[in-house]
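Input: a single structure, listed below in structure tokens.
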Amino acid sequence: MELGAGVRYFNTETTNSYLSHQYHITPGNLRCNRATSYAFFRTPRNPIRRASVQVSSISTDSISKVNLMSGDDYLLDLELSSLSALCPLDGRYWSKVKDLAPFMSEFGLIKYRVIVEIKWLLKLSQISGVSEVPKFSREAEYYLQNLIDQFSLDDALEVKKIEKVTNHDVKAVEYFLKQKWQPHPEINKVLEFFHFACTSEDINNLAHALMLKDALNKVILPSMDKLIRALCDIATSTASVSMLSRTHGQPASPTTLGKEMAVFAYRLSREREILSQIEILGKFAGAVGNYNAHLVAYPEVNWPQVAEEFVTSLEISFNPYVTQIESHDYMARIFNSIILFNNILVDFDRDIWGYISLGYFKQITKAGEIGSSTMPHKVNPIDFENSEGNCGIANGGLSHLSTKLPTSRMQRDLTDSTVLRNMGIGLGHSLLAYKSALKGIDKLQVNEASLYADLNQTWEVLAEPIQTVMRRYGVPEPYEKLKELTRGRAVTRESIREFIEGLSIPIEAKKNLLDLTPHTYTGEAEELTKKLNLVRSLVNDAKRS
């Protein structure tokens, strides 16, 4: 049988194909109701014998019906649920990423388009040169604002019904608004000024900018902050816990566990600050960026100034030099910044994975949880593995966005339109990675006994400070002498002491070396860790200035 031969065509006659989920909208919240059907695949009727299986004992979050057909064809009718969603973000991981849905979903895109259209009509009513749109009464302004505040799933579905006829998503929003406000006598007089002088991209670029701004400020950046704070907490609490370093995987100069956590907290904090400082840009200059239609209709109006006032009123920076589209350069910067943040997190995930493997951390278990299906003793570091994997998936999508979006043929092509609909995937997998890492961190318990034992077995790490002191006092060939003592041989406390005793160096220097142990040879690691919060504050203040 050929791959995919079982699916003949896509049936949308009996299904709501507008949105993946039903949502109950409350202020600041978007909840999923899994009772809605998604989309059905069916095959033409086939005379070949057919076996049908009805699954009735599974909950509403499970498959509602499975019909199996023998031969080359099969029929599979599923209601959308955590088991039938194609994307795991909408299925298995929905509870962890649903906070992004109000901003990054189809519902979110429609709502932000509505916001831009209504705000533009209100702006037109404030321009003295556009006398055909007189200033609205407070009552009319209230009704327009109320549609924004109370925009619901039913409203979004109505827009999708109109789009089914228009086959144009932005035009559907315009028609929806005209229908919505036709009964209002004051707004009815200016209905044709919805979408006045706009190209679809005037609406879309601002909608996408608002979606991204709110998703970052309300979900992504706060999640990054939680992760950074968690690392700062680990760093502070383990600032003085000595740990063997492992450069190239081999025993190296000791550090402290806290200082190594501080490194990641500092790196992530810097990138988070860089991300938060990137300007989000918008345009509102018409079909090719020149205000052509605007100027013909109202030649006396300063349209570039009006556009700048309008864009900045949405708390978005204004881009004055554009084609039909805003160039998306700022998006590339945002996505590249998130990619780097995620890469730093992958570095952390892998190090923690290694420390768990070495026994430096234990993982707190919960009753009933299973680590391995066949080895009862195992507690696998699955949260850090999940975080690493999702950072990779996120970065794959974000990388394509950052390289594709800044390029557009001449004044416009449509490749950015479909690509931009996938912003939520990169952000969703990033959010999932952050939450997985936080979950893993919450399970960690420092195993100081293991850290101590590891250091106690590696006295050879003192070869570095000994040969450095020997250099200071002019002892010939210090490196070579320590190489002879340590390489390929078992090094013990006693052999190190014997070597130090035989050195021709000042008594005080010799005493300091004799007092040194792998546990105390940590340099400024503890002090550096204690300064972490001060350094982060200085960096953040510098970024804001």
Side-chain angles (χ1 to χ4, degrees), residues 23-31 101-163 169-198 200 202-219 280 282-284 301 305-318:
Y23 297 100
H24 171 64
I25 309 295
T26 58
N29 185 34
L30 196 63
R31 295 179 181 171
F103 316 111
M104 288 289 129
S105 63
E106 178 80 355
F107 167 85
L109 177 56
I110 295 171
K111 179 177 180 178
Y112 283 107
R113 284 169 172 161
V114 166
I115 291 173
V116 175
E117 293 277 12
I118 291 176
K119 294 286 188 182
W120 176 234
L121 183 64
L122 288 168
K123 177 63 178 176
L124 289 172
S125 73
Q126 298 164 6
I127 302 172
S128 59
V130 184
S131 57
E132 287 76 9
V133 187
K135 185 172 176 58
F136 289 120
S137 66
R138 291 183 63 183
E139 184 263 352
E141 288 184 352
Y142 169 80
Y143 272 91
L144 287 168
Q145 183 62 44
N146 190 60
L147 178 58
I148 293 174
D149 297 337
Q150 301 298 323
F151 190 79
S152 66
L153 178 64
D154 287 339
D155 291 326
L157 289 172
E158 187 62 34
V159 173
K160 295 303 291 186
K161 289 179 183 178
I162 298 171
E163 183 187 342
D169 48 4
V170 177
K171 205 66 178 175
V173 171
E174 177 190 345
Y175 288 169
F176 164 76
L177 291 171
K178 289 179 178 178
Q179 291 178 11
K180 192 79 173 178
W181 295 117
Q182 191 171 11
H184 193 285
E186 189 174 346
I187 301 173
N188 178 267
K189 295 177 182 178
V190 294
L191 288 181
E192 290 305 323
F193 282 86
F194 277 115
H195 204 70
F196 175 78
C198 294
S200 295
D202 286 331
I203 306 302
N204 279 338
N205 91 96
L206 295 181
H208 285 124
L210 291 170
M211 291 167 67
L212 196 52
K213 180 169 73 77
D214 284 348
L216 290 174
N217 290 335
K218 296 178 181 180
V219 182
I280 293 179
K283 59 86 68 173
F284 212 73
V301 174
Q305 180 181 332
V306 168
E308 182 172 5
E309 291 172 355
F310 177 59
V311 171
T312 55
S313 74
L314 301 174
E315 298 183 353
I316 295 170
S317 297
F318 179 64

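Position 1 is the first residue of the sequence; numbering continues from there.
To the nearest 0.5 Å, atoms CG (Asn204) and CE (Met211) are separated by 9.5 Å. Distance check, rounded to the nearest 0.5 Å: NE2 of His208 to CG of Leu109 gives 4.5 Å. We find the CG-CG distance between Leu147 and Asp155 to be 6.0 Å, quoted to the nearest 0.5 Å. Considering CG of Leu144 and CD of Glu139, their distance stands at 9.5 Å, rounded to 0.5 Å. In this structure, CZ in Phe136 is found 11.0 Å from NZ in Lys189, a value given to the nearest 0.5 Å. Interatomic distance, Leu121 CG to Leu191 CG, rounded to the nearest 0.5 Å: 8.5 Å.
Using a 4.5 Å heavy-atom threshold, the side chains of Ile148 and Lys119 count as touching. Residues Gln179 and Glu158 are in side-chain contact: their nearest non-hydrogen atoms beyond the backbone lie under 4.5 Å apart. The shortest distance between side-chain heavy atoms of Lys213 and Leu314 does not fall below 4.5 Å. Using a 4.5 Å cut-off on side-chain heavy atoms (C-beta onward), Phe107 and Val159 make no contact. In this structure the side chain of Arg113 reaches within 4.5 angstrom of the side chain of Asp169, judged on heavy atoms. For the pair Ile187/Phe194, a side-chain contact is recorded, criterion being any heavy-atom separation below 4.5 Å from C-beta on. Side-chain contact between Lys283 and Val311 is absent, with no heavy-atom pair separated by less than 4.5 Å.
The two residues Pro134 and Ser125 have their closest heavy-atom pair at O-CB, 3.5 Å. For the pair Ile280 and Ala209, the tightest heavy-atom approach, listed with the atom from each and the gap, is CG2-CB, 3.6 Å. The minimum heavy-atom distance linking Ile203 with Cys198 is given by the pair CD1-SG, 4.1 Å.
In terms of modelled atom types and a separation under 3.5 Å, the side chain of Glu117 and the main chain of Val173 share no donor-acceptor contact. A distance-only check finds no donor-acceptor pair linking the side chain of Ser105 to the backbone of Pro102 [under 3.5 Å]. Checked by atom type and distance alone, the side chain of Asn217 never pairs as donor or acceptor with a backbone atom of Asp214 at under 3.5 Å.
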>> Run Val170 and His195 through side-chain contact (heavy atoms from CB on, under 4.5 Å) and show every step you take.
In response: CA-CA 9 Å; Val170 177; His195 204 70; 3.7 Å; yes

>> One pair to check against side-chain contact (heavy atoms from CB on, under 4.5 Å): Asp149 and Tyr142. What are the steps and the verdict?
In response: CA-CA 10 Å; Asp149 297 337; Tyr142 169 80; over 6 Å; no

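For Phe193, the CZ atom is densely surrounded, since the number of other residues' heavy atoms within 6.0 Å is greater than 12. Dense packing is recorded around CD of Gln145, with more than 12 heavy atoms of other residues, nucleotides or ligands lying under 6.0 Å away.
Less than 6.0 angstrom separates the ring centroid of Trp120 from the ring centroid of Phe284.
A salt bridge links Glu106 to Lys160: one of the charged nitrogens lies within less than 4.0 Å of a carboxylate oxygen. By the 4.0 Å N-to-carboxylate-O rule, Lys178 lies close enough to Glu174 to be salt-bridged with it.
Ring geometry, Phe176 versus Phe151: the interplanar angle exceeds 60°, so the pair is classed perpendicular (tilted spans 30 to 60°).
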